Enquirer: 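This is the structure, below, for whatever I ask next.
The analysis underlying the following values was restricted to heavy atoms, covering all of them including side chains, and did not include hydrogens, waters or symmetry mates. Source: prediction; values computed, not measured.
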Amino acid sequence: STSWSAETAPSRAMSSGRADSSRGKCGLGWMIGLMTRARSDSPATKDPVPSWVGRVLPGCVLCLAAAGIGYGVNLFLPGVSALIIAIALGVLLTNVVHLPDALSPGIDFSAKKLLRAGIILLGLKLSLTSIIDLGVPMLLVVACIVTGGMLGTVLLGRLLRVPPTLSLLIACGFSICGAAAVAGAAGVTDPDDEAEEDTITAVALVVIFGTLMIPLVPLVAGLLGLDVVTAGKWAGGSTHEIAQVVAIGGVIGGGALAVAVVVKLARVLLLAPVIAVLSFRQRRLQRSDVPGRQASRTKLPPIVPPFILGFLAMVLLRSFVALPGAALGAGETLQTLLLAAAMFGLGCGVRVRNLLKVGLRPFGLAAASTLLVAVIAHAGVALA
């Protein structure tokens with residue numbers, strides 16, 4: 001009736017001598033018709049923000065709720081990572097319950113966008129002063145851990161005939177900073193998300209083998225007769241996730257926790273140059289795959305992704321601005337919640353059947369990479 005009024009009311013109102021009330025009705029219909037057509041022709045209504053938020057909101061709420069549960073468990077049990085709890089909840093939920101399709105956009109948004117926001121806030125944990133205080137020898141050891149761990153893992157992946165993309169993601173996660181490094185590298189090396197299953201597999205391996213290190217590192221450190229500080233440096237240099245490092249430092253006790261976290265954060269700082277190198281490599285690969293003029297029209301990843309620039313900005317902010325403790329505490333809480341929500345989103349993509357189908361080779365590569373990084377870290381700490 002609105003469209004009818006919009007087209008016929010003006011002519012009828014002008015040609016007939018109806019009463020004022022009838023003309024009023026026709027004029028009202030004409031105005032509504034014009035408003036409806038103007039609203040449908042408006043650029044804003046072609047991609048309305050409310051509908052986009054409505055699609056994403058249900059899944060985001062679920063992911064943030066799971067993150068809140070993980071955070072609450074971490075408050076009562078500090079040795080249990082909120083990220084590990086969140087990803088475990090995601091794996092459990094998606095394998096026990098059929099999640100509605102309406103949740104998929106928000107879960108996907110959390111696994112990608114919230115993850116990058118969490119990585120940006122991760123920079124607030126890093127102070128250049130505390131890292132420089134480690135000394136040049138220990139900083140060289142950190143560089144050797146990341147470089148040797150990545151190159152060695154990729155080489156081992158070739159020997160074990162693990163797919164190259166999966167080998168690279170495992171190398172990033174085990175050598176730098178766990179699941180955040182895996183997902184960050186996946187966003188650069190696979191911008192079209194064609195190998196999302198590789199990302200999920202690498203994150204699952206990070207959780208499994210990083211969790212196994214929590215009891216093993218203190219045990220082996222005791223058998224090797226390492227003092228508290230040396231054991232802390234080794235834990236920070238060899239363990240995958242920050243939360244796992246914190247758990248190990250707490251088990252070792254003494255001054256191990258503080259030095260372990262600083263060494264681990266020095267590894268985290270190398271996430272920026274590694275992602276930049278991987279992005280540059282991906283650009284070269286895409287250009288070689290698409291010759292001629294089509295290469296200029298191919299979407300290439302930025303040399304330095306925006307979330308890495310944000311991460312570096314937060315590092316500089318923490319290093320050169322005297323931020324109040326309340327702001328740092330709020331930033332750490334928000335960072336934990338964002339990363340935990342992202343881990344829950346990634347966990348929702350883990351199908352146990354599919355994980356079992358990948359075979360033993362990725363598990364063998366993960367075990368070999370864990371051992372490789374641990375050996376490099378121990379040798380480096382002993383020499384330093």
Side-chain angles (χ1 to χ4, degrees), residues 63-64 67 70-71 74 78 81-87 110-132 134 142 145-146 169 172-188 199 202-203 206-207 210 235-237 239-247 249 257-258 260-276 278-279 304-321 323 325-346:
C63 292
L64 289 172
Y71 185 77
N74 176 255
S81 168
L83 275 62
I84 293 177
I85 293 294
I87 196 170
S110 300
K112 295 181 177 66
K113 306 299 183 182
L114 295 189
L115 172 81
R116 294 175 183 179
I119 291 176
I120 291 173
L121 292 177
L122 186 61
L124 288 175
K125 286 179 172 286
L126 288 163
S127 171
L128 294 178
T129 303
S130 61
I131 292 175
I132 292 173
L134 288 173
V142 170
I145 292 169
V146 173
L169 295 181
C172 290
F174 285 49
S175 304
I176 307 174
C177 58
V182 170
V188 172
T199 305
V203 169
V206 163
V207 173
T239 310
H240 310 328
E241 293 275 358
I242 293 178
Q244 295 160 354
V245 171
V246 171
L257 177 58
V261 170
V262 174
V263 172
K264 178 61 181 177
L265 291 178
R267 289 170 64 195
V268 174
L269 186 60
L270 293 181
L271 176 66
V274 168
I275 294 297
L278 292 178
S279 182
V304 182
F307 73 94
I308 291 298
L309 293 176
F311 169 79
L312 293 175
M314 292 297 104
V315 174
L316 295 176
L317 182 66
R318 172 66 189 273
S319 302
F320 298 106
V321 178
L323 297 174
L328 291 175
E332 183 175 0
T333 300
L334 182 58
Q335 172 250 319
T336 301
L337 289 174
L338 290 173
L339 288 181
M343 292 304 107
F344 176 81
L346 289 172

Enquirer: If I compare all heavy atoms of T199 with all of A186, which pair ends up nearest, and what's the gap?
Expert: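 Heavy atoms only, the tightest pair is OG1-CB, 3.3 Å.
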
Enquirer: Donor-acceptor pair, K112 side chain versus A183 backbone, under 3.5 Å?
Expert: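 No; judged by distance alone, with no hydrogens or angles, the pair does not exist.
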
Enquirer: Any side-chain to backbone donor/acceptor pair from R267 onto V146? Under 3.5 Å, distance only.
Expert: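 Not at all, since once roles are kept as given, no pair shorter than 3.5 Å links the two residues.
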
Enquirer: So do the side chains of F320 and L128 get within less than 4.5 Å of each other, counting heavy atoms only?
Expert: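 Result yes, sub-4.5 Å side-chain heavy-atom pair found.
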
Enquirer: Can you tell me how far CG of L114 sits from CG of L337, rounded to the nearest 0.5 angstrom?
Expert: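 These two atoms lie 10.5 Å from each other.
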
Enquirer: Check for a donor-acceptor pair, side chain of E241 on one end and backbone N or O of V207 on the other, with a separation under 3.5 Å.
Expert: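 Not at all, since once roles are kept as given, no pair shorter than 3.5 Å links the two residues.
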
Enquirer: How far apart are the closest heavy atoms of A202 and V182, and which atoms are they?
Expert: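 Closest pair (atom of A202, atom of V182, distance): CB-CG1, 3.7 Å.
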
Enquirer: Return yes if some donor-acceptor pair links the side-chain N/O of S110 with the main-chain N/O of G345 below 3.5 Å, else return no.
Expert: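 Side chain of S110 to backbone of G345, a donor-acceptor pair under 3.5 Å: no, none is there.
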
Enquirer: Are N74 and I85 close enough, and set up right, to give a side chain to side chain contact (heavy atoms under 4.5 Å, CB included), and what steps lead you there?
Expert: CA-CA 9 Å; N74 176 255; I85 293 294; over 6 Å; no

Enquirer: Using the side chain to side chain contact (heavy atoms under 4.5 Å, CB included) rule, pick out the option among I131, V142, I176 that qualifies with L269.
Expert: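 One option only clears the test, and that one is I131.
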
Enquirer: Over all heavy atoms of both residues, which pair between A185 and L278 is shortest? Give the atoms and the distance, please.
Expert: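 Taking every non-hydrogen atom into account, CB-CD1, 3.9 Å.
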
Enquirer: Considering non-hydrogen atoms only, spot the tightest contact between Y71 and T333 and give its length.
Expert: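 Here Y71 and T333 meet closest at OH-OG1, 3.3 Å.
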
Enquirer: Taking atom CG of L309 and atom CD1 of I120, what is their separation to the nearest 0.5 Å?
Expert: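 Reported to 0.5 Å precision, the distance equals 9.0 Å.
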
Enquirer: Would you check if I308 and S279 make a side-chain contact, meaning some heavy-atom pair closer than 4.5 Å?
Expert: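 I308 does not reach S279 side chain to side chain.
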
Enquirer: Locate the shortest heavy-atom distance separating Q335 from L122; write the atom from each residue and the value.
Expert: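 Minimum heavy-atom separation between Q335 and L122: NE2-CD1, 3.7 Å.
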
Enquirer: So, taking the atom named NZ in K125 and the one named OG1 in T336, what distance separates them when rounded to the nearest 0.5 Å?
Expert: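 One finds 5.5 Å between NZ of K125 and OG1 of T336.
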
Enquirer: Are the side chains of L169 and C172 in contact, using a 4.5 Å heavy-atom criterion?
Expert: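 No; the side chains remain at least 4.5 Å from each other.
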
Enquirer: How long is the span from the CG atom in L346 to the CG atom in L339, to the nearest 0.5 Å?
Expert: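 Taking CG in L346 and CG in L339, the distance rounds to 10.5 Å.
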
Enquirer: What heavy-atom pair brings C177 and V268 nearest, and what distance separates the two atoms?
Expert: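 Where C177 meets V268 most closely, the heavy atoms are CB-CG2, 3.7 Å.
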
Enquirer: At what distance, to the nearest 0.5 angstrom, does CG of L271 lie from CZ of F307?
Expert: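 One finds 6.5 Å between CG of L271 and CZ of F307.
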
Enquirer: Return the CG to CG distance between L124 and L334, rounded to the nearest 0.5 Å.
Expert: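 Spacing of CG (L124) from CG (L334) equals 9.5 Å.
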
